[in-house]
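Heads up, the thing below is written out as structure tokens.
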Amino acid sequence: MCAALNPAHVPTDRALARRQQVLDAAAECFRRRGFHGASMAEIAKTAGMSAGHIYNLFENKDDVIAAIVERDRDEIVRRIQETLDGEDVMEAMLAAVEDSCHQPDRDAEAALNLEVLAEASRNAKLARVVVNSETVIRRKAMLLIQTALGPKADRLPADDIEARASVLAALFNGLMVLSVSQPDLKQAAVSRVMQRMMRVLLEP
């Protein structure tokens, strides 16, 4: 029989809210100053709490970064699940392209994601967190593609489904990067082309 969960280890609603408060403040600081430029003291000030309080919630700055990555992963998985729960998966995926092209905070999200990838390239601990998170997202995306294809998916090898999920991720991640490198991006035109590519990805 499994041991009962120790109530002392279950975070309260207040603790969870404070944790989210720190993550929001850290994300803002990281976007503005980069991981190494943003200090825990600056994060604490932005969050409106003491640095000591933050250290009660997170071991160090790497821990904060990892938590941001995992929070973003959970949000992406939630969105995919919402699409899976809808009546028409294909139409929901096409609508997601439109939403992504007109996402108001896309530039800020792109800046933070680029910071994450740059740091992961030289930080083995963060790299593991990023790889694990991307693996969870890719598996969920594979289920999304299989659902959109319906019975036709049974005729495709597993590595084909996985490759389509990877290309799907590349499309959305690439669009995010373009919001930084091409601020004058013609969003409506890009959205139309991405939707056509999405239909190709969802053909047997």
Between Val129 and Arg73, is a side-chain contact (heavy atoms from CB on, under 4.5 Å) present by the stated rule, with each step listed?
CA-CA 10 Å; Val129 173; Arg73 173 205 64 202; over 6 Å; no

Do the non-hydrogen side-chain atoms of Leu23 and Glu70 ever get within less than 4.5 Å of each other?
no

About how many Å separate CZ of Arg19 and CG of Asn56, when rounded to the nearest 0.5 Å?
13.0 Å

May I ask you to say whether Glu75 pairs ionically with Arg79, meaning some side-chain N is under 4.0 Å from a carboxylate O?
yes

Go through the steps to decide whether His36 and Glu119 satisfy the test side-chain contact (heavy atoms from CB on, under 4.5 Å), and finish with yes or no.
CA-CA 9 Å; His36 297 286; Glu119 182 64 18; 2.8 Å; yes

Identify whether Val89 and Phe172 are in the same connected component of the hydrophobic contact network (ILVMFWY, side-chain heavy atoms under 4.5 Å).
yes

Minimal heavy-atom distance between Met142 and Ala158, with the atoms involved, is CE-O, 4.1 Å

Restricting to non-hydrogen atoms, name the atom on Ala38 and the atom on Arg33 that form the minimum distance, rounded to 0.1 Å.
N-CB, 4.0 Å

Joint cluster assignment, Ile161 & Met90, ILVMFWY side-chain distance < 4.5 Å
yes

Would you sort out whether Ile145 and Leu201 count as a side-chain contact (heavy atoms from CB on, under 4.5 Å), showing the intermediate values?
CA-CA 8 Å; Ile145 289 172; Leu201 282 175; 5.9 Å; no

Distance-only side-chain donor-acceptor flag, Gln81 / Asp85, under 3.5 Å
yes

So if you build clusters from Ile, Leu, Val, Met, Phe, Trp, Tyr with side-chain heavy-atom gaps below 4.5 Å, do Val64 and Leu16 land together?
no

Please answer whether the main-chain N or O of Gln187 pairs with a side-chain N or O of Ser191 as donor and acceptor at a distance below 3.5 Å.
no

Shortest non-hydrogen separation from Thr46 to Ala25 and the atoms involved:
CG2-CB, 3.8 Å

Shared hydrophobic cluster for Val22 and Val116 (ILVMFWY, side-chain gaps under 4.5 Å)
yes

Results of side chain to side chain contact (heavy atoms under 4.5 Å, CB included) for Glu59 - residues two or more places apart only:
Asp63

How close do Val180 and Ala110 get, counting heavy atoms only, and between which atoms?
CG2-CB, 3.7 Å

Would you compute the distance between atom CG of Leu112 and atom CE of Met176 and round it to the nearest 0.5 angstrom?
9.5 Å

Indicate the atoms forming the closest heavy-atom contact of Ala127 with Ala120, along with that distance.
CB-O, 3.4 Å

When you compare the side chain of Glu42 with that of Arg32, does any pair of heavy atoms fall below 4.5 Å?
yes

About how many Å separate CG of Leu156 and CZ of Arg164, when rounded to the nearest 0.5 Å?
5.0 Å

Out of curiosity, Lys45 NZ to Ile54 CD1, how far, rounded to the nearest 0.5 Å?
13.0 Å

Lys140 (side chain) donor-acceptor with Ile76 (main chain) under 3.5 angstrom
no

Heavy atoms only: give me the nearest Ala27-Ile68 pair and the separation to one decimal.
N-CD1, 3.9 Å

Look only at the side chain of Ser133 and the backbone of Val130, and say whether a donor-acceptor pair between them is shorter than 3.5 Å.
no

Under-4.0 Å salt bridge between Asp74 and Arg78:
no

Decide yes or no for Met198 and Leu168: does some side-chain heavy atom of the first lie under 4.5 Å from some side-chain heavy atom of the second?
yes

Can you check whether Arg18 reaches Gln21 side chain to side chain, under 4.5 Å on heavy atoms?
yes

Any Lys/Arg nitrogen of Glu115 or Arg31 sitting under 4.0 Å from an Asp/Glu carboxylate oxygen of the other?
no

List for me each residue that meets side chain to side chain contact (heavy atoms under 4.5 Å, CB included) alongside Asp62, sequence neighbours excluded, and say none if there are none.
Asn60, Ile65, Asn123

Arg14 CZ: over 12 foreign heavy atoms closer than 6.0 Å
no

Just verifying a value: how many Å separate Leu171 CG and Met197 CE, rounded to the nearest 0.5 Å?
5.0 Å

Kindly compute the distance separating CG (Leu84) from CE (Met93), expressed to the nearest 0.5 Å.
9.0 Å

Common cluster, Leu202/Leu94, ILVMFWY with side-chain heavy-atom separation under 4.5 Å:
yes

